[in-house]
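For reference, the structure discussed in these notes is given below.
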2 protein chains.
Amino acid sequence: MSTITWQSVQAEALRRIRSREWPPGGQIPHEADLAEELGCARATVNRALRDLAEAGLLERRRKAGTRVPLNPVRKATLDIPIIRQDIEARGLAYGYKLLSRNEAPAPPEILSQLSLKKSSQMIHILALHLADNHPFCLENRWVNPVAVPEITKTDLSTISANEWLVQNAAFSAGDFAFGALAAPAHIAKALDCATGAALFTVERTTWAGSLPITSVRLCYAPGYRMLAAI
Amino acid sequence: MSTITWQSVQAEALRRIRSREWPPGGQIPHEADLAEELGCARATVNRALRDLAEAGLLERRRKAGTRVPLNPVRKATLDIPIIRQDIEARGLAYGYKLLSRNEAPAPPEILSQLSLKKSSQMIHILALHLADNHPFCLENRWVNPVAVPEITKTDLSTISANEWLVQNAAFSAGDFAFGALAAPAHIAKALDCATGAALFTVERTTWAGSLPITSVRLCYAPGYRMLAAI
DNA sequence: GAGGTTATTATGTACGTACATAATAACCCT
DNA sequence: AGGGTTATTATGTACGTACATAATAACCTC
């Protein structure tokens with residue numbers, strides 16, 4: 001290690017974790033001691049260890065020090081692109097079809113997801129996203145017009161609610177649930193696949209502060225895979 | 001804003017992004033200017049903006065400055081607990097059953113996932129994880145004994161490979177793919193569900209440096225949902 | 001106008017001092 | 001031994017100076 005940088009400190013820490021030199025369940029040297037050993041500032045060690053802690057590889061506690069967890073809960077980062085970008089990143093041509101748009105009171109399970117007690121009129125949107133003219137995913141979305149009033153006046157026949165919301169309603173928090181669904185007939189029809197086919201689903205609710213913006217269920221055509229990396 | 005901290009700077013930046021004061025596609029003030037405006041050190045602004053950049057809300061470029069992306073690719077964090085912890089966190093009793101364990105050459109698609117050209121003997125493990133004595137997920141795993149020689153001598157009838165590997169083979173990189181599968185008969189039998197039921201699947205390959213450790217496919221019983229948050 | 005070189009700029013980082021904060025250890029009393 | 005209080009400790013952060021680095025703007029030449 002010629003020049004000490006936070007990256008090199010981090011790499012050395014990783015090496016020691018991996019080699020069990022810092023065994024799972026055990027304490028690692030204090031930041032000040034590590035700084036002395038490696039010949040750098042304590043702030044540099046602090047900076048290096050932060051990412052490892054965020055990734056679940058270390059647990060840091062004031063005064064108690066830092067330890068390698070016995071059972072690490074690793075953290076992976078998931079990219080959430082807008083659907084058009086997901087399709088185009090696969091080298092496929094994006095297409096979009098608004099299937100329906102209504103104002104209606106949201107059903108109870110959507111209210112629950114939005115943490116709303118009482119239903120007022122919401123915007124209900126059903127849309128199909130296409131990749132090279134093949135169905136890619138079906139978007140079933142409820143939007144709270146209180147959070148995004150402009151949507152009531154927006155023409156969603158040419159831009160998807162998914163994309164429009166990203167550009168017009170920056171959310172501060174989001175909940176996701178990923179799962180699998182055996183395609184019921186109406187969804188199979190929209191996605192042009194067999195009834196009962198296994199579909200990857202994403203359910204997402206987003207908020208601006210405590211104000212719910214939207215709740216959406218995306219059903220992807222059979223074969224879709226969502227990638228992530230650590 | 002009484003006392004300026006990196007957290008308060010971050011909150012103010014988020015507010016400006018959300019309110020469109022810093023419009024999508026546009027430049028935000030330079031760190032030095034923001035520091036002057038908010039009455040803190042430039043390093044404090046830098047610290048505050050880093051997380052926002054990592055979350056996809058800002059794009060930072062040396063000299064060009066920092067901009068709010070027109071189409072942000074938001075980043076979500078996924079917790080990857082060991083399976084036993086996932087089950088226990090749901091308040092359910094964990095159970096485990098080793099279904100089979102062999103040494104065999106890996107099939108081509110596993111070799112491909114492991115970026116291996118040539119197959120040598122690998123450890124093939126089939127195991128069932130139970131929640132309150134109901135099948136929770138089926139683990140189909142290939143382990144490279146070159147990366148983890150001790151596994152050849154490890155009794156996997158009482159500890160799952162999933163858990164044992166987390167404790168004994170710290171990985172440096174992992175690839176994940178999430179999808180959905182219509183349960184073929186042999187998997188439906190193991191998971192005690194209907195043939196053709198929609199199963200949530202996780203395929204994961206991990207490496208220590210460039211050395212592949214393991215490739216696993218987890219098929220979760222119908223109804224499983226994986227949660228994440230932004 | 002195109003291409004190459006240099007100067008300038010805004011983010012990225014290292015350092016050391018100082019202080020803040022959470023939390024554990026030490027100490028004291030009953 | 002148990003409980004409460006205080007001192008100590010290790011991480012968390014702020015600041016300002018200094019330097020590094022990537023990249024854009026300015027400038028010059030053909």
Side-chain angles (χ1 to χ4, degrees), chain A residues 1-14 16-17 21-70 72-73 75 77, chain B residues 1-14 16-17 21-70 72-73 75 77:
Chain A
M1 255 190 299
S2 47
T3 304
I4 310 297
T5 62
W6 72 262
Q7 292 93 340
S8 64
V9 172
Q10 188 175 102
E12 176 60 19
L14 253 184
R16 294 183 187 191
I17 291 167
E21 189 173 327
W22 291 345
Q27 289 261 61
I28 76 165
H30 299 147
E31 288 182 3
D33 298 333
L34 262 186
E36 199 170 307
E37 182 198 332
L38 299 175
C40 65
R42 199 202 110 214
T44 306
V45 174
N46 182 283
R47 175 69 184 87
L49 299 187
R50 187 188 314 141
D51 290 345
L52 298 184
E54 280 170 12
L57 288 166
L58 290 177
E59 279 171 359
R60 306 216 278 168
R61 221 38 52 89
R62 296 193 209 215
K63 179 164 169 62
T66 300
R67 105 181 14 252
V68 179
L70 204 41
V73 177
K75 318 264 186 199
T77 300
Chain B
M1 253 186 301
S2 46
T3 304
I4 310 297
T5 62
W6 73 263
Q7 292 93 338
S8 66
V9 171
Q10 190 174 99
E12 175 61 18
L14 254 184
R16 293 182 187 190
I17 291 167
E21 187 174 327
W22 290 346
Q27 288 261 64
I28 76 166
H30 299 144
E31 288 181 1
D33 299 332
L34 262 187
E36 199 171 306
E37 182 198 330
L38 299 175
C40 65
R42 198 202 111 215
T44 306
V45 173
N46 181 284
R47 176 68 185 86
L49 299 186
R50 187 188 314 143
D51 291 344
L52 298 184
E54 280 170 15
L57 288 166
L58 290 177
E59 278 172 2
R60 305 215 280 167
R61 216 60 29 102
R62 296 191 208 217
K63 181 166 166 67
T66 300
R67 113 183 3 259
V68 179
L70 204 41
V73 178
K75 318 266 185 196
T77 301

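Throughout, a chain's letter reflects where its sequence line sits, starting with A, and its residues are numbered from 1.
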Side chain of B:Asn46 - closest among C:dT13, D:dG16, D:dT24: C:dT13
B:Asn46 and B:Arg60: CA distance, side-chain angles, deciding distance, side chain to side chain contact (heavy atoms under 4.5 Å, CB included) verdict: CA-CA 10 Å; B:Asn46 181 284; B:Arg60 305 215 280 167; 3.9 Å; yes
Below 4.0 Å: OP1/OP2 of C:dT13 and any side-chain N or O of A:Thr44: no
Base-pairing mate for C:dG3 - Watson-Crick or G-U, with both contacts under 3.5 Å: D:dC28
Rounded interatomic separation in angstrom, taking CZ from A:Arg60 and P from C:dA23: 14 Å
Evaluation steps, side chain to side chain contact (heavy atoms under 4.5 Å, CB included), between B:Thr3 and B:Ser8: CA-CA 8 Å; B:Thr3 304; B:Ser8 66; over 6 Å; no
Most 5' of A:Thr66 and B:Thr5 on DNA chain D, judged by nearest nucleotide: A:Thr66
Base D:dG12 paired with A:Arg42 side chain (donor-acceptor, <3.5 Å): yes
Protein-nucleotide distance (A:Arg67, atom CZ; C:dT24, atom P), rounded to Å: 10 Å
A:Trp6 side-chain proximity, nearest of C:dT11, D:dT24, C:dT13: C:dT13
Side-chain touch A:Trp6/A:Cys40, heavy atoms, less than 4.5 angstrom: no
Euclidean distance, atom CD1 of residue B:Ile28 to atom P of C:dA10 [Å, nearest integer]: 13 Å
B:Arg62 side chain, from C-beta outward: closest of D:dT11, D:dA22, C:dA14: D:dA22
Closest-nucleotide 5' rank along DNA chain C - winner of A:Cys40 and B:Ala64: B:Ala64
Under 3.5 Å donor-acceptor pair, A:Arg61 side-chain atoms to D:dG12 base atoms: no
Phosphate OP1/OP2 of C:dG12: any A:Gln7 side-chain N/O under 4.0 Å: no
Flag side-chain contact, heavy atom, 4.5 Å: B:Leu49 against B:Ile28: yes
A:Leu34 and A:Val9: CA distance, side-chain angles, deciding distance, side chain to side chain contact (heavy atoms under 4.5 Å, CB included) verdict: CA-CA 9 Å; A:Leu34 262 186; A:Val9 172; 5.6 Å; no
Whole-Å gap separating C1' (D:dT21) and CD (B:Glu31): 14 Å
Atom pair distance, as rounded to whole Å: CD in A:Glu54 and C1' in D:dG12: 13 Å
Interatomic distance where NZ belongs to A:Lys63 and P belongs to C:dA20 [whole Å]: 19 Å
Sugar-phosphate only, base, or nothing, as touched by A:Gln27 at under 4.0 Å among non-hydrogen atoms: nothing
Length of the line joining A:His30:NE2 and D:dA10:P, which is rounded to integer Å: 4 Å
Nucleotide opposite D:dA22 in a Watson-Crick or G-U pair, distances under 3.5 Å: C:dT9
Interatomic distance where CZ belongs to A:Arg50 and P belongs to C:dT13 [whole Å]: 10 Å
